[in-house]
Novice: 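A single structure is presented below for examination.
In what follows, every chain begins at residue 1, and chains take the letters A, B, ... in the order their sequences are listed. These figures come from a predicted structure and were not determined experimentally.
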Number of protein chains: 2
Amino acid sequence: MAPATPSPVSSAPTSVNTSPNDLDMSIDSRPQPSRRSRKKSKTRTALADAAAYLFETQGFDETTTVDIAERADVSQRTLFRHFATKESMLYGEMDETIDELRSALAERPPDEPPLAVVREAVVSLADNFERHRDRRLLQARLAATYPSVSAFSRATVQLGWEREIIDALSERLGVDPMHDPRPEIIAGATMSAIRVATRQWSFNGGQDDYITLIADALDALPALGAFERAS
Amino acid sequence: MAPATPSPVSSAPTSVNTSPNDLDMSIDSRPQPSRRSRKKSKTRTALADAAAYLFETQGFDETTTVDIAERADVSQRTLFRHFATKESMLYGEMDETIDELRSALAERPPDEPPLAVVREAVVSLADNFERHRDRRLLQARLAATYPSVSAFSRATVQLGWEREIIDALSERLGVDPMHDPRPEIIAGATMSAIRVATRQWSFNGGQDDYITLIADALDALPALGAFERAS
DNA sequence: TGACGAATGTCAGCCACTGACATATTGTTT
DNA sequence: AAACAATATGTCAGTGGCTGACATTCGTCA
C-alpha cells in the first residue's frame with residue numbers, strides 16, 4: 001500500500017487555500033514560504049497526485065477517500081482538511097485559474113466590446129492550460145464518464161468562471177447583473193463554447209491545439225443571430 | 001409524526017418514471033390507470049409533498065430523508081425507490097417539463113431561425129410554469145440558499161433542458177453538435193437567460209409575470225454582438 | 001382461488017463528510 | 001534555551017445519503 005509507481009510528488013508549491021496568513025509574509029526575493037507552509041503544500045500535492053493516479057487507474061467512483069488518504073500516507077481526516085470534497089481533489093488548480101481569469105479580464109482595454117473581452121481573456125489563459133494540461137485531460141475524461149464529476153464541473157468550476165465573467169462585464173459596462181441578463185448570458189454562452197471545445201480536445205486525446213479549439217468555438221458567439229439553416 | 005398540517009395529497013396522477021408498462025395501457029376515454037399505478041403515484045406525490053413541506057418549513061439541509069419518509073408514512077427505502085436523490089424530490093415535475101419542451105421544439109416551423117425556435121418553444125411552456133408555479137418558486141428560493149440545490153439544478157435540470165435544445169437544433173440544422181459548437185452555445189445562453197429571469201422572479205416573490213421576464217431575457221440573445229458600453 | 005409480479009418493509013452495510021479532542025510539530029517570544 | 005502560541009495531523013465516534021438482499025404484502029389476472 002505504499003506510493004510506488006508514478007506520482008513523483010513534484011512538490012511544485014501549489015497555492016494552498018485554507019488559512020489566510022500562509023505563504024511568504026516576508027518581502028521580496030523568493031521569500032521561502034516557511035517550512036510549515038512547504039509541508040502543507042507538500043501534503044496537499046501528495047493528496048492530489050494520489051487522487052489523480054487512483055482516479056486514472058481505477059476510476060472515480062471506484063476510488064474511496066480512504067484509498068487516496070492511504071496512498072498519500074495521511075489520515076482520511078487530513079484529506080478532508082485539505083479538500084472539501086472528493087471531486088475537488090481533481091480540480092486543485094481551480095482557484096489559481098480563476099485568479100488568472102480575473103486578472104486577464106481586468107487587463108483588457110476599457111472600450112473593448114464584451115464578447116472580445118471574454119474571448120481575449122480566455123485565450124490569454126493558454127499557458128495556464130498548458131501548465132495543467134494533463135490534469136485537464138483527466139478531468140475531461142472523467143467528466144465524460146462519471147456524472148458526479150460532470151456535476152461538480154458544471155456546478156462548481158463553471159459557476160466560478162461565470163461569476164468572474166459576470167462581475168467583470170457588469171462592472172465594465174455599468175449594468176446591474178440582477179436586471180440586465182446580458183452579462184450572465186455571455187458568461188453561459190462562453191462556458192458552453194469552452195465545454196464543446198474541451199470535449200472535442202479530450203475526445204481526440206489532446207492532440208489538437210486546445211486554445212485554437214476554444215478560440216474557434218468562442219468566435220461563434222457574435223454571429224449567433226445569423227445562425228441559419230444551410231439551404 | 002403523522003402527516004397532519006398541509007399536504008392535501010392532491011393525487012394528480014403525476015408521471016411515474018420507474019417501470020415501463022405503467023399508467024393507462026387501455027385506449028382512449030379516461031382509461032383509469034389501474035389501482036396499483038394509482039397507489040404508486042399517490043405514494044410518490046405524498047413523498048414529494050412531504051419533502052416540499054419540510055424543505056419549506058425547516059430548510060433543505062435541515063431535513064433528512066428519514067424525516068420525509070416518516071411524514072409520508074413510508075420507509076426510507078421506499079423513498080429511494082421513488083426518487084434517486086433527495087434533490088430530485090424537489091424537482092418531480094422535471095421529466096414532464098422536459099417532455100413538453102421536446103414537443104414544443106419539435107412543433108416549431110422547420111425554417112424558423114434557431115434563436116426564434118428556442119424562444120418560442122420556451123415561451124410556449126407558460127402553462128407548465130403556471131401549473132408548477134409554487135414548486136418553481138420553492139425551487140428558486142432553495143437554490144438561492146442551498147448550494148446542493150443549486151448544484152442539482154445546474155447539473156441535472158439545466159443539463160436536461162440543454163440536451164433537448166442541442167438535439168433539436170442540431171437535427172433541425174443538420175449540424176454535428178460534437179463539432180459545431182453553436183447548438184450548445186445557444187442552449188447555454190438560453191439557460192442563462194432563464195436563470196436570470198427566474199432569479200428576478202423569485203426575488204420579487206413571484207409577483208412579476210414569469211413568462212414576460214423569460215421572454216425579455218431571451219430577447220437579449222440575438223443582439224449580444226452589439227452589446228456595448230453606454231457612452 | 002391460486003399463482004405471479006410489483007410495491008413495500010426490514011436490516012445491514014458502504015461511503016462521503018464532520019465535530020471533538022488529543023498529540024505533535026513548527027514558529028515566536030522572552 | 002525554554003516557554004508559549006499557533007497550526008497541522010491523528011483518532012474516534014457519529015451523521016446522513018444511498019444501496020443490496022431478502023422477506024412480506026398487495027394487486028392483477030387467469
Novice: Between C:dG9, D:dT9, C:dA7, which nucleotide has the shortest distance from any of its atoms to the side chain of A:T78?
Specialist: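 Among the listed nucleotides, the one closest to the side chain of A:T78 is D:dT9.
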Novice: To the side chain of B:R77, which of C:dA7, D:dT19, D:dT9 is closest?
Specialist: D:dT19
Novice: Rounded to whole Å, how long is the line connecting atom CZ of B:F80 with atom P of D:dT19?
Specialist: 7 Å
Novice: Between B:K42, B:R135, B:R44, which is the residue that forms a salt bridge (Lys or Arg N to Asp or Glu O under 4.0 Å) with B:D49?
Specialist: B:R135
Novice: Assign A:S148 to base, sugar-phosphate, or nothing according to its heavy-atom contacts below 4.0 angstrom with the strands shown.
Specialist: nothing
Novice: What's the CG-C1' distance between A:L79 and D:dT9, to the nearest Å?
Specialist: 13 Å
Novice: Looking at B:R38 and D:dG27, is any side-chain donor or acceptor paired with a base atom of the opposite kind under 3.5 Å?
Specialist: no
Novice: For the side chain of B:R81, counting heavy atoms from C-beta on, which of C:dA7, C:dG9, D:dG10 is nearest?
Specialist: C:dG9
Novice: Output the distance between atom CD (A:E162) and atom CG (A:D167), rounded to the nearest 0.5 Å.
Specialist: 11.5 Å
Novice: With a 4.5 Å cut-off on side-chain heavy atoms, are B:Q76 and B:F80 touching?
Specialist: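 B:F80 reaches B:Q76 side chain to side chain.
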Novice: Would you mind classifying the nucleic acid contact of A:S75 as base, sugar-phosphate or nothing, using non-hydrogen atoms under 4.0 angstrom?
Specialist: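 Base, at least one base atom sits under 4.0 Å.
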Novice: Could you check whether the side chain of B:R36 and the base of C:dA7 have a donor-acceptor pair of N or O atoms closer than 3.5 Å, going by distance alone?
Specialist: no
Novice: Of the nucleotides C:dC15, D:dT9, C:dG9, which one has an atom closest to the side chain of A:T64?
Specialist: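 My answer, after comparing the listed nucleotides, is C:dC15.
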Novice: Round to a whole Å and report the spacing from CD of A:Q76 to C1' of D:dG14.
Specialist: 13 Å
Novice: Write down the distance between CD (B:E70) and P (D:dG17), rounded to a whole number of angstrom.
Specialist: 12 Å
Novice: Side chain of A:K86: nearest nucleotide among D:dT11, C:dC17, D:dC22?
Specialist: C:dC17
Novice: Please report the distance, rounded to the nearest Å, between NZ in B:K39 and C1' in C:dA6.
Specialist: 13 Å
Novice: Taking atom P of D:dG16 as reference, at what distance in whole Å does atom CD of B:Q58 sit?
Specialist: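 In whole Å, D:dG16 P lies 12 Å from B:Q58 CD.
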Novice: Going by atom types alone, do A:Y210 and A:T198 pair a side-chain donor with an acceptor below 3.5 Å?
Specialist: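 Result is yes, a qualifying pair exists.
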Novice: Expressed as a whole number of angstroms, how long is the span from B:L47:CG to D:dG17:P?
Specialist: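 Result: 14 Å.
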Novice: What is the distance, rounded to the nearest whole Å, between atom CZ of B:F83 and atom P of D:dG16?
Specialist: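 The answer, rounded to whole Å, is 21 Å.
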Novice: Please state whether the phosphate of D:dT9, meaning OP1 or OP2, lies under 4.0 angstrom from any side-chain nitrogen or oxygen of A:H82.
Specialist: yes
Novice: Is it the case that atom CZ in A:R131 sees more than 12 heavy atoms from other parts of the structure closer than 6.0 Å?
Specialist: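 Buried by this count: over 12 neighbours within 6.0 Å.
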Novice: Check whether any side-chain N or O of A:T65 sits under 4.0 Å from OP1 or OP2 of C:dC15, and answer yes or no.
Specialist: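 The answer is no; no side-chain N or O of A:T65 sits under 4.0 Å from OP1 or OP2.
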